[in-house]
Every structure is written in structure tokens, then in C-alpha cells.
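Written out below as C-alpha cells is the structure these notes cover.
Worth saying up front: this structure is predicted, and the values here are computed from it rather than measured.
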Amino acid sequence: MAGIIKRGRTWYATWKENGRAVQKSTGVRTSQPGISPARCKELARVTACQMERAAKGETATAAALDAVRRAAASCGADSVPSVRDWLERYAPTAGAKTETNRRRAFAAFLDFMGERAGLRLDAVTPQMLREFIAWDLQRVSVGTVGLHRQCLAAAFNRAADDEILIKSPMPRMNLAREAAAAGLKNDRMERQPFTPDELRVIFDKFPAPWCDMALASYFTGGQRLGDICLLRWRNIDFRTDTISFITQKTGKALALPIVPELRERLERIKDEQGSGEEYVFPYMARRYLIQSGSISTEFTALLMAWGIVKRTAPDASPLGRRKRVSPKSFHSIRHSVVTLARCNPACTPDMVRAVVGHDCERIERGYFSADRAARAAVLESLAGALPARE
């Protein structure tokens with residue numbers, strides 16, 4: 001039978017498993033307001049026994065949690081936070097972008113839970129999460145559901161690490177298979193690169209600052225929209241013709257030479273701004289910092305206005321809030337850079353990764369798109385490798 005020991009202000013469960021001593025926090029304080037120390041100790045003892053039984057497979061996790069909940073109710077204690085309280089506590093423990101993703105995921109889950117959001121965290125079952133994912137798949141894309149699931153799984157894993165939960169209730173699921181079983185079409189959109197002609201239209205015809213931002217992205221290896229929005233003048237050294245920055249997504253440090261066309265565009269912007277501005281594109285930086293979701297949508301609208309992307313027919317809109325993703329976006333500039341560079345025999349894969357900032361060839365390969373002419377050239381080279389027919 002499991003025992004209990006005091007460590008600081010918390011009771012810990014102790015037992016032996018395969019001859020090895022195990023110690024885990026019961027989550028029960030040695031003293032709590034309105035509860036006698038004796039009642040706290042009794043709750044800790046019940047919790048320890050149930051933790052041991054669940055760990056050794058002598059009882060189901062759900063049954064163990066039920067026993068702990070009944071003991072807590074009889075003691076007047078409630079050491080486990082509610083679903084809402086835990087998610088609100090966990091959401092800010094990350095960077096700004098991750099926190100935004102977490103809050104969106106948690107808001108969706110709390111919306112699904114409704115009044116049940118006030119339940120103790122350990123009352124969440126795998127079945128509840130399966131039902132949430134099925135509900136979420138009807139509203140948003142499979143990719144977004146995957147992000148929601150990832151954020152929730154991280155929150156439950158953290159609760160397990162902090163020994164608030166015995167284990168995470170998040171089930172393993174194949175979201176693409178779940179969507180297919182629900183009769184939902186695969187809404188994953190493979191991004192397409194821009195053609196050279198389309199890039200020239202964007203660089204020369206789009207209104208400022210989009211034309212300048214797109215050019216800056218292209219000549220810095222297809223850097224992402226957020227990195228371009230937050231590009232600072234201190235990142236640019238006109239004396240050495242170098243642009244240096246750390247990417248937001250991967251934290252990779254890049255130092256790239258400034259090509260003449262980009263230098264000319266940056267100098268013009270600098271002259272028009274004058275001194276005192278921190279950001280190269282200050283208006284877009286402010287919008288990005290307040291997490292405006294309309295930035296990428298605005299660029300897509302420009303692509304439609306110039307005929308680079310076809311407008312979606314009104315009757316083709318997906319079910320519910322599932323939005324149709326454009327095959328081309330600002331991120332397609334990154335695909336364009338990789339595709340054009342890898343089609344150039346003078347550019348080795350290692351050199352492409354050094355410019356773009358990819359960590360491995362597997363990631364870079366996902367950005368490469370071979371057009372018909374490139375494929376034809378490969379097939380013709382195969383034909384040329386054969387000996388002449390007799």
C-alpha cells in the first residue's frame with residue numbers, strides 16, 4: 001500500500017514499482033484554509049493509494065480519479081483547478097505568437113464545453129476530447145483543428161508534469177481520417193510558388209508597402225511575413241551591404257548580402273521616412289504587433305485584384321467557418337525562392353538552405369515545386385543518357 005511523506009508544504013505519495021521506489025506529489029497541501037491538517041492527510045492517503053493502483057494497472061485511471069474526487073468532496077478540499085482556470089493559467093506561459101494560438105484553441109474548447117468548463121481539470125475524459133475534435137472539424141480546417149489539439153495536449157501534458165493529473169486525457173487521433181469519416185473533404189492546400197512574371201507584377205505594381213515588403217522577402221530568401229513586418233533599420237548595414245536578423249519561428253540568425261535592387265528600394269524608403277523610425281515598415285509593424293489577422297488577408301485580396309489568384313465562387317464556400325485557403329499567399333514567395341534557386345544548377349542544396357534559413361533538406365524539399373518544363377528537362381536528360389537505337 002502506498003505511503004505518504006511531507007515535502008515542504010505538500011504530501012507526496014510513495015510506493016515501490018518493480019523494486020524501484022517511486023515518489024509523486026499528491027497535489028494535496030499539508031494545510032489548507034478551512035480544512036484541518038488531519039483531513040488533508042487523509043485525502044493525501046486516499047490519493048496516494050489511488051495513484052499507486054492506477055500506476056500498477058490495478059484500476060482504470062478514470063476509476064482512480066473518481067475515488068480521489070469523492071475523497072476530496074468529503075474533505076471539503078479541491079486541490080485541482082477547473083478546466084477554465086487551468087487553461088487561463090497556462091496560456092500566457094509562452095511567447096506572443098504561441099500564446100495567441102493557445103488562446104484561440106482554448107476559447108474553442110471552452111465554447112464547446114459550455115457550463116462544463118467549470119469542472120475540475122481531472123474530470124476531462126478522452127471521450128470529451130474526441131467529441132470536441134469532431135465538433136471542431138465541422139467549423140474549421142483540419143490544420144486548424146490540429147493546432148487546437150496540439151495546444152490542448154500541451155496544456156494537459158503540463159498538468160501531468162506538475163502532477164495535477166495522473167496522465168493526460170488527450171487521445172491519439174488521425175485527424176485526416178476523422179475528417180474523411182465525417183464526410184469532410186481534405187481541405188489541405190499545398191502552397192504554390194509565384195511565377196517570375198507574377199513576382200515582377202507584385203514588386204512593381206502592388207501598392208506600398210506591399211511591393212517593398214514582397215521585394216524585401218524575395219531578396220532575403222523568402223522570409224516570412226512576420227519577419228518582414230518587424231524588419232528594423234538596425235538590421236540593415238548599408239556600409240557593408242548586409243542585412244542581419246533572427247527569424248521569429250526558428251530563432252535562426254541570418255546575415256545576407258543586400259543585392260542592388262533591394263538596396264535601391266531600401267534607400268528610397270529611408271529617404272522618404274527620414275530619421276527616427278525604428279521599423280522599415282512602421283505601419284505594418286504596428287498592425288502585426290497588435291496581432292491584426294487582416295494583414296495576410298489584405299495581401300490575398302491584392303493577388304485576386306491582379307488576377308494572380310482566382311476569386312472563390314460564393315457557392316463554393318466550405319461548411320461552417322471552414323475557410324478556403326488561397327493556393328498563393330505571401331508565404332508563396334518562400335516557395336518561389338526555393339523553387340527558382342533549386343532549378344538553377346549553380347545553386348547547391350546547402351547554399352539554398354543557407355540563404356532561406358531552413359535547418360534540413362527535408363524541410364526545404366517541401367518548398368520545392370518542379371514545373372512542367374523542369375520535369376520535361378529531367379525526362380529528356382534520361383532519354384539522352386540511353387545509347388542511340390540501332
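In the hydrophobic clustering of this structure, Leu147 does not group with Met173; members are Ile, Leu, Val, Met, Phe, Trp, Tyr whose side-chain heavy atoms approach within less than 4.5 Å, directly or through other members. Linking Ile, Leu, Val, Met, Phe, Trp and Tyr whenever their side-chain heavy atoms come within less than 4.5 Å puts Ile202 and Val259 in one cluster. A continuous path of ILVMFWY side-chain contacts below 4.5 Å connects Trp135 to Met170, so both sit in one hydrophobic cluster. By the criterion of side-chain heavy atoms lying less than 4.5 angstrom apart, applied directly or through intervening Ile, Leu, Val, Met, Phe, Trp or Tyr residues, Ile269 is grouped together with Leu262 in one hydrophobic cluster. One hydrophobic cluster, built from ILVMFWY side chains closer than 4.5 Å, cannot hold both Trp11 and Val46; they sit in different ones.
In this structure, Arg84 forms no cation-pi arrangement with Trp86, as its terminal cationic atom is not both closer than 6.0 Å to the ring centre and no more than 45° off the ring axis.
In this structure, Thr247 contributes its side chain and Lys249 its backbone to no donor-acceptor pair below 3.5 Å. Under a 3.5 Å cut-off, the side chain of Ser332 and the backbone N or O of His335 do not form any donor-acceptor pair. The closest donor-acceptor contact from the side chain of Ser294 to the backbone of Thr297 lies at 3.5 Å or more, if one exists at all. At least one donor-acceptor pair closer than 3.5 Å links the side chain of Gln223 to the backbone N or O of Thr220. Judged by distance alone, with hydrogens and angles left aside, the side-chain atoms of Thr242 form no donor-acceptor pair with the main-chain N or O of Leu256 at under 3.5 Å. The main-chain N or O of Pro81 is never found under 3.5 Å from a side-chain atom of Arg120 such that the two would form a donor-acceptor pair. Checking side-chain atoms of Glu198 against main-chain N and O of Thr195 turns up a donor-acceptor pair under 3.5 Å. Between the side chain of Asp227 and the backbone N or O of Gln248, at least one donor-acceptor pair lies under 3.5 Å.
Heavy-atom neighbours of Lys270 NZ from other residues, nucleotides or ligands within 6.0 Å: above the threshold of 12.
When every heavy atom of Pro171 is checked against every heavy atom of Pro126, the shortest pair comes out as CG-O, 3.9 Å. Of all heavy-atom pairs spanning Ala159 and Leu121, the tightest one is CB-CD2, 3.6 Å. Between Pro92 and Arg103 the shortest heavy-atom distance is CG-NH2, 3.5 Å. Taking each heavy atom of Gln50 and Thr59 in turn, the nearest pair found is OE1-CG2, 4.4 Å.
Under the side chain to side chain donor-acceptor pair (under 3.5 Å) criterion, Thr300 pairs with no residue at all, not counting sequence neighbours. Residues satisfying the salt bridge (Lys or Arg N to Asp or Glu O under 4.0 Å) criterion with Lys56, sequence neighbours excluded, are Glu52. Legend: residues meeting salt bridge (Lys or Arg N to Asp or Glu O under 4.0 Å) with Glu277, ordered by chain and number and at least two apart, are absent. With sequence neighbours excluded, no residue forms a side chain to side chain donor-acceptor pair (under 3.5 Å) with Lys6. Not counting sequence neighbours, the partners of Asp241 by the salt bridge (Lys or Arg N to Asp or Glu O under 4.0 Å) test are Arg263. Among residues two or more places apart in sequence or in another chain, the side chain to side chain donor-acceptor pair (under 3.5 Å) test is passed with Thr30 by none. Residues satisfying the ring pair (Phe, Tyr, Trp, His ring centres under 6.0 Å) criterion with Trp210, sequence neighbours excluded, are Phe299. For Phe281, there are no ring pair (Phe, Tyr, Trp, His ring centres under 6.0 Å) partners at least two apart in sequence or on another chain. With sequence neighbours excluded, the residues that form a side chain to side chain donor-acceptor pair (under 3.5 Å) with Gln127 are Glu131.
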Which side-chain N or O atoms in residues 175-183 pair as donor and acceptor under 3.5 Å with protein atoms at least two apart or in another chain?
none

What donor-acceptor contacts under 3.5 angstrom involve side-chain atoms of residues 231-238, with partners at least two apart or in another chain?
unit_1	atom_1	unit_2	atom_2	d
Arg232	NE	Glu278	OE2	2.8
Arg232	NH1	Leu230	O	3.4
Arg232	NH2	Tyr279	OH	2.8
Trp233	NE1	Gln273	OE1	2.9
Trp233	NE1	Tyr279	O	3.3
Asn235	OD1	Arg232	N	2.9
Asn235	ND2	Ser244	O	3.1
Asp237	OD1	Arg239	N	3.0
Asp237	OD1	Arg239	NE	3.4
Asp237	OD1	Thr240	N	3.4
Asp237	OD2	Thr240	OG1	3.3

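For the pair Glu298 and Arg287, the salt-bridge criterion is met [side-chain N within less than 4.0 Å of a carboxylate O]. Using a cutoff of 4.0 Å between basic side-chain nitrogens and carboxylate oxygens, Arg139 and Asp136 are scored as salt-bridged.
Classified by interplanar angle (parallel below 30°, tilted 30° to 60°, perpendicular above 60°), the ring pair Phe109/Phe132 is perpendicular.
Residue pairs meeting the salt bridge (Lys or Arg N to Asp or Glu O under 4.0 Å) criterion with at least one partner in residues 206-222, sequence neighbours excluded, are Asp212-Arg265, Asp212-Arg268.
Between the side chains of Thr98 and Asn101, no donor-acceptor pair of N or O atoms lies under 3.5 Å. Checked by atom type, the side-chain pair Arg334/Ser217 shows no donor-acceptor distance below 3.5 Å.
Taking CG of Leu303 as the start and OG of Ser329 as the end, the distance is 8.0 Å to the nearest 0.5 Å.
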